[in-house]
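Reading through the C-alpha cells given below for one structure.
Since this is a predicted model, take the numbers as computed values, not measurements. Lettering of chains follows the sequences in order, A, B, ..., and the numbering in each one begins at 1.
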Amino acid sequence: MPELPEVETTRRGIQPYVEHKHIHSVTIRERRLRWPVSDTLTSLSMARVNKLERRAKYLILYLPDGFIIIHLGMSGSLRVVDSSAPIGKHDHIDLLMDDGKIVRYNDPRRFGSVLWVDDWENHPLFTKLGPEPLDEAFDADYLYQQAKEKKAPIKQFIMDNKNVVGVGNIYASEALFLSGIHPKRPAGSISKKRITQLVAHIKKTLTAAITQGGTTLRDFVGGDGKPGYFQQQLNVYGRGGEPCTACQTRLKEIKLGQRASVYCPKCQH
DNA sequence: AAAGATGCCTGGTAGC
DNA sequence: TGCTACCAGGCATCTT
C-alpha cells in the first residue's frame, strides 16, 4: 500500500513527464473512486502543468485554472506508458500528455481519489493536516507539546494526520521499534528524550525508504514501473511471531484501533 | 468542544 | 472449482 515514500517516489518518477508539460486531454473509464471523478477533468485541453507537488500522501498538479489532487489510496498507482500500451484492468484514468505519453491511474480497490479543486490549500482535506514529517517544523519540541496530556496510544497518535502526516502503519511500527517504545504507551507519558529519538527515527525510516524507491508489499509499482525493495529490511512490520532482529525474542502481534501492530515485548516499553 | 472509537468503501488472497 | 473470511488506509460519523 502506498505510504509516503511510495507517493514521493511516484512524484519523482512522473515529474519529468508532467511538470512544464501540457495535458492534451483526460480519459475517464471509471469515475467511481472514493469520490466521483469530476467531469471538469474531461474538459481540460492543453492545460499546462506548472508544478507537481506532494503534500502528505496527496499529489497535486498545478494547472492554470485549478488543481488536480491525486491520492493513491491503498492500491493505486500512477505509471507513465506509451499510447500503444494496452488498457489493463483497473486502469481508470489517463492523462494524455501532448508529447504522446500517458500518465495512467490504476486502482483495483478504488480507495484512491482524483479530484479537481479550485484552491487546494483551503480544501477541507488539507486544512487540518499536521506538518510534513521531513520538514524542520516536525521536531521533538513540536511532537512533545502535541503529545502532552494525550492518552491515545503513541502508535495511533503518530498515525493521526493532525499530529504529523504520512506516517502509516509500516513506518510507525518500524520507528517505534527503533526507538524502543511500546506501541500502546500513552503518547503523553513518554519522556522528551524518547520523543526526540522517535522523531529522529520517523525521519530516518522515511528518508531511507524514499532513497530506496519505496516499499513494495502488494500493489505498488513506481512511476517507472520498477518496484522498491525496502521491505527486505523491515524489523517488525508483518513479522508477528518471528524472532526480534535485535534479541531473538518472539515478536508479538496485537490489534490497535483495528490495525495490526507488531512489536518486540523485550525491546519496547 | 475535543478526543476517542467505530464503520465503511473494495478486491485480492488464504484457507478449505 | 467455488465459497467465505479477512485484511488494508483514511475519511465520515458516532459516542463520550
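- Counting to the nearest Å, the P atom of dG11(B) and the CD atom of E30(A) are 9 Å from each other.
- The E3(A) side chain lies nearest to dG9(C) when the options are dG9(C), dA3(B), dA8(C).
- Here the side chains of S179(A) and F177(A) are not in contact, with every heavy-atom distance at 4.5 Å or above.
- Aromatic ring orientation, H71(A) versus Y58(A): perpendicular (interplanar angle above 60°, classes split at 30° and 60°).
- Nucleotide dG10(C) holds its P atom 12 Å from the NZ atom of K155(A), rounded to whole Å.
- With distances taken from any side-chain atom of R110(A) to the nucleotides dA8(C), dA3(B), dG11(B), the minimum falls on dG11(B).
- Note on Y58(A): only backbone sugar-phosphate atoms sit closer than 4.0 angstrom, heavy atoms only; bases stay farther off.
- For the pair L33(A) CG and dC11(C) P, the interatomic distance rounds to 15 Å; values are reported in whole Å.
- Checking dA5(B), dG4(B), dG12(B) against every side-chain atom of H90(A), the shortest atom distance belongs to dG12(B).
- Residue N169(A) has no polar side-chain atom (N or O) positioned under 4.0 Å from OP1 or OP2 of dA8(C).
- Taking the side chain of K150(A) as heavy atoms from C-beta on, and the options dA8(C), dA12(C), dA3(B), the nearest nucleotide is dA3(B).
- Between I202(A) and F138(A) there is a side-chain heavy-atom pair separated by less than 4.5 Å.
- Of the residues near DNA chain B, K162(A) and R32(A), the one whose nearest nucleotide (by heavy atom distance) lies more toward the 5' end is K162(A).
- When the C1' atom of dA8(C) is taken as reference, atom CE of M74(A) falls 3 Å away, rounded to whole Å.
- With rounding to whole Å, Q156(A) atom CD is found 20 Å from dA2(B) atom P.
- Comparing dA8(C), dA5(B), dG10(C) by their nearest atom to the side chain of R34(A) picks out dG10(C).
- Between the base of dG9(C) and the side chain of R259(A) there is a donor-acceptor pair shorter than 3.5 Å.
- Taking the six-membered ring for Trp and thresholds of 30 and 60 degrees, Y62(A) and F67(A) have ring planes more than 60 degrees apart, a perpendicular arrangement.
- If you measure from atom CG of N161(A) to atom C1' of dG9(C), you get 10 Å, rounded to the nearest angstrom.
- Between the side-chain ring of F111(A) and the base of dT10(B), no stacking contact exists by the 5.5 Å and 30° definition.
- As a whole-Å value, the separation of L256(A) CG from dG4(B) P is 12 Å.
- Atom CD1 in I170(A) sits about 17 Å away from atom P in dC7(C), given to the nearest Å.
- Looking at heavy atoms from C-beta onward, I170(A) lies in side-chain contact with L234(A) at the 4.5 angstrom threshold.
- Dashed line: the shortest gap from a side-chain N or O of K57(A) to OP1 or OP2 of dG9(C) is not under 4.0 Å.
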